[in-house]
Asks: 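Below is a structure I'd like to ask you about.
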Amino acid sequence: ADSENAFVKKLGSLSQNMSVIIKTDEMGAFKEVKNWKELKAEMDRCLGLVKKELKDLPNIDELVRQVSNVYTSKEAIESVAIKDIQQFYTYHGGKYTLGEEVKGQIKLPNLYGGEPFDAEVTLQMDEINFEDENAIIRMWQTADSKQLTAATYEYLSKMAKASGVKSPSQEEIPPLQNQTMVASRLHGPSGWVIYSLETKEVSAENVTNVEERIIEIK
């Protein structure tokens, strides 16, 4: 929508110089964002300016709320606000064997404000190219559909109540799927990411929204 584009453009112009300071462990795996309080304070300031300048946008309050939710806590910032950093460090600190799947469970932040979602994660090294000294590793992450659908229903019900309209029934909310896939080519001797493609798919019935993020070192 034009209003959302105007909001994103204005917020981007105000927040483009924000610096993120992170810490890794001795193996190079991402550990934490050190300056998360400063990031939260700066984003609050930027959102206040945007809300003031774009006060006539019909959905400005909701747009501000959605972005503000991403900066509510250290955990939320580390999981959502620094997607580029998380994508780059997806495989750092791990040990992988060609063709062997590594599976586990993690918690994903709930931007609706409720409990985190459970998610299944699978990682696998698909290919080693000895001549070019690189390897390809992939990651698949799937959020719990029932938890995601229930949280979406609760959010829509709250929004409907706040707007004074009829709340949707649970039967009207189709099962939601949220999958993230990351495929990266890593430099063998250093383990550094050369190229990485993240694809996030959110789908319900016959509707699918796809978001792609590419990192490439030249």
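Nothing fancy with the numbering, it's 1 onward along the sequence.
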Asks: If you look at every heavy atom in Thr208 and Ser203, which pair is closest and at what distance?
Replies: OG1-CB, 3.4 Å

Asks: Check for me, please, whether Leu156 and Val202 land in the same ILVMFWY cluster - side-chain distances under 4.5 Å, paths through other members count.
Replies: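 No, because Leu156 and Val202 fall into different hydrophobic clusters, even though each may have its own neighbours under 4.5 Å.
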
Asks: Counting only N and O atoms by type, is there a donor-acceptor contact under 3.5 Å from the side chain of Asn35 to the main-chain atoms of Ser19?
Replies: yes

Asks: Any chance you could measure Asn129, atom CG, to Leu186, atom CG, to the nearest 0.5 Å?
Replies: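 Result: 11.5 Å between the selected atoms.
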
Asks: Salt bridge or not for Glu53 and Lys10, using N-O below 4.0 Å?
Replies: yes

Asks: Please indicate whether Lys107 has more than 12 foreign heavy atoms, meaning atoms of other residues, nucleotides or ligands, lying under 6.0 Å from its NZ.
Replies: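 Atom NZ in Lys107 is crowded, with more than 12 foreign heavy atoms closer than 6.0 Å.
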
Asks: Do Trp140 and Leu123 land in one hydrophobic cluster if side-chain heavy atoms of ILVMFWY residues count as linked below 4.5 Å?
Replies: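 Hydrophobic grouping puts Trp140 apart from Leu123.
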
Asks: Counting only heavy atoms not in Glu201 (residues, nucleotides, ligands), do more than 12 fall under 6.0 Å from its CD?
Replies: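 Counting neighbours around CD of Glu201, more than 12 heavy atoms of other residues, nucleotides or ligands fall under 6.0 Å, so yes.
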
Asks: Within a 6.0 Å radius of atom CD on Glu205, are there more than 12 heavy atoms belonging to other residues, nucleotides or ligands?
Replies: no

Asks: Using only atom types and a distance under 3.5 Å, with no angle test, would you say the side chain of Glu78 pairs donor to acceptor with the backbone of Val33?
Replies: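 The answer is yes, because a donor-acceptor pair under 3.5 Å joins these two groups.
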
Asks: Can Gln87 and Ser196 be said to form a side-chain hydrogen bond (donor to acceptor under 3.5 Å, both in side chains), step by step?
Replies: CA-CA 8 Å; Gln87 180 182 343; Ser196 178; 3.0 Å; yes

Asks: For His187 versus Ser190, what's the shortest heavy-atom pair and its separation?
Replies: ND1-OG, 2.8 Å

Asks: So which atom in Leu11 and which in Cys46 form the shortest heavy-atom distance, rounded to 0.1 Å?
Replies: CD1-CB, 4.0 Å

Asks: Can a donor-acceptor pair be found, under 3.5 Å and without considering hydrogens, that links the side chain of Gln147 to the backbone of Asp118?
Replies: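 At least one qualifying donor-acceptor pair exists.
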
Asks: Give the intermediate values and the outcome of side-chain contact (heavy atoms from CB on, under 4.5 Å) for residues Ile22 and Ile85.
Replies: CA-CA 9 Å; Ile22 69 168; Ile85 295 174; 3.9 Å; yes

Asks: Hey, is the main chain of Tyr91 close enough, under 3.5 Å, to the side chain of Tyr96 for a donor-acceptor pair?
Replies: yes

Asks: Between Asp132 and Asn134, is there a donor-acceptor pair closer than 3.5 Å when you use the side chain of the first and the backbone of the second?
Replies: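 No, because the side chain of Asp132 does not come within donor-acceptor range (under 3.5 Å) of the backbone of Asn134.
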
Asks: Any non-hydrogen side-chain atom of Asn178 less than 4.5 Å from a side-chain atom of Lys200?
Replies: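 Sidechains of Lys200 and Asn178: in contact.
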
Asks: Work out which heavy atom in Tyr71 is nearest to a heavy atom in Leu39; give both atom names and the distance.
Replies: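 Minimum heavy-atom separation between Tyr71 and Leu39: CD2-O, 4.1 Å.
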
Asks: Could you state the interatomic distance from OG1 (Thr122) to NZ (Lys103), rounded to the nearest 0.5 Å?
Replies: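 Spacing of OG1 (Thr122) from NZ (Lys103) equals 5.0 Å.
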
Asks: Before accepting this row, confirm whether a basic side-chain N of the pair Lys31/Asp25 lies closer than 4.0 Å to the acidic partner's carboxylate O.
Replies: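 No salt bridge links Lys31 with Asp25.
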
Asks: Would you say that Trp36 contacts Val20 through its side chain, given a criterion of any heavy-atom pair below 4.5 Å between the two side chains?
Replies: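 No, side chains not in contact.
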
Asks: Please report the C-alpha distance between Ile136 and Ser184 in whole Å, then the side-chain angles of each, then the deciding distance to 0.1 Å, and finally whether the side-chain contact (heavy atoms from CB on, under 4.5 Å) criterion is met.
Replies: CA-CA 6 Å; Ile136 296 176; Ser184 301; over 6 Å; no

Asks: Please determine if Lys34 and Glu32 form a salt bridge, counting it only when a charged side-chain N lies under 4.0 Å from a carboxylate O.
Replies: yes

Asks: Is Asp61 salt-bridged to Arg65, cutoff N-O under 4.0 Å?
Replies: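 A salt bridge is absent here (no side-chain N lies under 4.0 Å from a carboxylate O).
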
Asks: Is there a donor-acceptor contact under 3.5 Å from the side chain of Glu172 to the main chain of Ser169?
Replies: yes

Asks: Nearest 0.5 Å, please: how far is NZ in Lys40 from CZ in Arg45?
Replies: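 That separation rounds to 14.0 Å.
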
Asks: Taking the side chain as every heavy atom from C-beta outward, state whether Glu42 and Ser15 have any atom pair closer than 4.5 Å.
Replies: no

Asks: For Trp192, check ring-ring contact (aromatic ring centres under 6.0 Å, His included) against everything at least two apart and list the hits.
Replies: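 Once residues adjacent in sequence are excluded, the partners of Trp192 under the ring-ring contact (aromatic ring centres under 6.0 Å, His included) criterion are Phe88, His92.
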
Asks: Check the hydrophobic clustering (I, L, V, M, F, W, Y; side-chain heavy atoms under 4.5 Å; chains of links allowed) and say if Leu49 and Leu57 are grouped together.
Replies: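 In one cluster with Leu49: Leu57, yes.
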
Asks: Val121 vs Gln105, test: side-chain contact (heavy atoms from CB on, under 4.5 Å). Steps then yes/no.
Replies: CA-CA 6 Å; Val121 179; Gln105 291 187 327; over 6 Å; no

Asks: Report yes or no: do Ile137 and Met27 belong to one cluster of Ile/Leu/Val/Met/Phe/Trp/Tyr joined by side chain heavy-atom distances under 4.5 Å?
Replies: no

Asks: List the atom of Leu176, the atom of Thr149, and the distance in Å for their closest heavy-atom pair.
Replies: N-OG1, 2.9 Å

Asks: Distance check, rounded to the nearest 0.5 Å: Glu133 atom CD versus Ile128 atom CD1?
Replies: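 Result: 12.5 Å between the selected atoms.
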
Asks: Please determine whether residues Leu197 and Met139 belong to a single hydrophobic cluster, defined as Ile, Leu, Val, Met, Phe, Trp and Tyr linked transitively by side-chain heavy-atom distances below 4.5 Å.
Replies: no

Asks: What are the two closest non-hydrogen atoms of Met125 and Thr97, and how far apart are they?
Replies: CB-O, 4.2 Å

Asks: Are Glu198 and Arg213 ion-paired here, with the side-chain N under 4.0 Å from a carboxylate O?
Replies: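 Yes, this pair counts.
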
Asks: Heavy atoms, side chains only, cut-off 4.5 Å: are Tyr195 and Ile214 in contact?
Replies: yes

Asks: Would you tell me whether Gln86 and Asp84 have side-chain atoms, one donor and one acceptor, within less than 3.5 Å of each other?
Replies: no

Asks: Atom NZ of Lys83 and atom OG1 of Thr180: how far apart are they, to the nearest 0.5 Å?
Replies: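 Lys83 atom NZ to Thr180 atom OG1 measures 8.5 Å (nearest 0.5 Å).
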
Asks: Quick one: do Phe7 and Ile60 satisfy side-chain contact (heavy atoms from CB on, under 4.5 Å)? Show the steps, please.
Replies: CA-CA 8 Å; Phe7 174 82; Ile60 184 63; 3.7 Å; yes

Asks: Nearest 0.5 Å please: distance from the CD atom of Glu100 over to the NZ atom of Lys95.
Replies: 10.0 Å

Asks: Judged by modelled atom types alone, do Glu211 and Asn209 share a side-chain donor-acceptor pair under 3.5 Å?
Replies: no

Asks: With a 4.5 Å heavy-atom cut-off, do Glu212 and Val210 have their side chains touching?
Replies: yes

Asks: Taking side chain as C-beta onward, heavy atoms only, is Gln141 less than 4.5 Å from Ile106?
Replies: yes

